[in-house]
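A short write-up of the structure that comes next.
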Amino acid sequence: MDKYVCDVCGYVYDPEIGDPDGDIEPGVAFADLPEDWVCPLCGAPKEDFSLIEE
Amino acid sequence: MNVRKISDHVLSLGASDPGLQYFDKLMPTPYGTTYNSFVVRGEDKVALLDPVQSDSIHQLLSNLAEAGIDHIDYILCLHTEQDHSGATELLLQRFPEANLVGTAKVAEFLEVHLNIPASEVQLIAENETLDLGGLGLTCVPIPFAHWPDNTMYWLEEERILFSSDLYGSHYAAPAHKAADEAIQLETTRSYYAEIMMPYSKQVARHVAKTRSLDPAIICPGHGPIWYDPDKVLSLYESYVSERMDIRVVMPVVSMHDSTKTMAYYLAEKLEGLGIPVNIHHLDNPNRDLRVSMGEVVEDTVDAACLIMAAPTVLTGPHPSAGALALMLNAFKPPLKYIALIGSFGWGSQIEKRFYDLLPQVKAERLDTLLIKGLPTEEDYELLDDYAQMVKEKLTSLSEE
């Protein structure tokens, strides 16, 4: 599954890890994150994330 | 000394710091700065927007006394960076009846930066209005302009926008006369470069939001008030746009003149091809490096290309060029192209070491041109070709 990087702080959302602090289980694709999910490091909204081209 | 009436209900009474030389010990502030603070008086309640930095509390208290403000109901914190919030506790000591008001992010950060318990902050949510009686302040968060906590407040009844750091400038205009507009525009540009440019994507959204509010007056956290907001909104719209000027920014550092010889020759060739070049010396012994680096960063707000001219020192970039690279990586200028030229003595890994410092600058990297020692006839031909290549790259942009 695709990883996404936060344009603001560089945090990488990896679906294989999820976001434990935000109660996101491993296996959740970026597109399936709740719309009000924000970057756990800096609080940027989903729209400030970019797809990491592998 | 410094109380100004903005409308029937709004006063400006912040602190002035005309002698400040560098903001954050980094950004040159040749015109000093101000830490703005405003009072809004409704029929029932009095609100103060933004305490100032702790060193400036006496100016704020003296201005409040001069304005006859002896009671405050709400102290609104728009941004918790210490230049705006540092005097919060001192202000609360003078006005113990006041409630501290902020967003959840402001409350979180007040605890982090000033050790004020978040539980002591009266929370306000996006689009919520703090009623002052006949007037209200509506909360408009503007995350990443330039911290996660920045918040604007909108006084709809008078169409006055309190914009926090957005639309600010480091310019302490004399108290007895109007701000000089040329200086206000110049310092707005450098302020944008150093504070807002890293978040141009987020700032673009906040500018669109501001347009939709259509304010009559904008009161920023630093510098003079905007009585004609279209001026600053148009500037910001040009800064956040995709369009870049066909121009080369050329920072130069040279130890024994070989790199400088290359840089001057290339600049002359480019100018001959119709491409404007701004040379910035990073090696002027009479200037603090921060002044030159600040000018480079400001020049990259709307320039399409940057060519770094730097010699190799101990196989890497000259540390002055390295410092500039760290600056560029932090401020993320919207350059289309970036390039590196320079002279080396016996061996160089400058290209890798330089670009390793620039992971966040997404500009296309043009070929690096390194010359051993002083340029020869053949090297000058390489520089001729290089100028032609840069010209073609830049011209292709205007054809897009």
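Fair warning: this is a prediction, and the values are worked out from it, not measured in the lab. The chains referred to below are lettered A, B, ... by the order of the sequence lines, with proteins before strands, and numbering in each begins at 1.
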Practice item. Determine, step by step, whether B:Y153 and B:C139 satisfy the side chain to side chain contact (heavy atoms under 4.5 Å, CB included) criterion, reporting the C-alpha distance in whole Å, the side-chain angles of both residues, the deciding distance to 0.1 Å, and the verdict. Key: CA-CA 5 Å; B:Y153 285 89; B:C139 173; 3.8 Å; yes
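Taking non-hydrogen atoms and a 4.5 Å limit, the residue list of residues 191-207 of chain B in contact with chain A, ordered by number, reads B:Y199, B:K201, B:Q202, B:R205.
Counting heavy atoms from C-beta outward, B:I124 and B:T151 have side chains that stay 4.5 Å or more apart.
Residues B:W147 and B:H113 place their aromatic rings such that the two centres sit under 6.0 Å apart. Note: A:F49 and A:F30 meet the aromatic proximity criterion, with ring centroids under 6.0 Å apart.
Between chain B and the options A:P45, A:G10, A:C42, A:G43, heavy-atom pairs under 4.5 Å are most frequent for A:C42.
No hydrogens or angles considered: nothing links the side chains of B:Y236 and B:T210 as a donor-acceptor pair under 3.5 Å.
Salt bridge status for B:D367 with B:R365: absent, with no side-chain N to carboxylate O gap under 4.0 Å.
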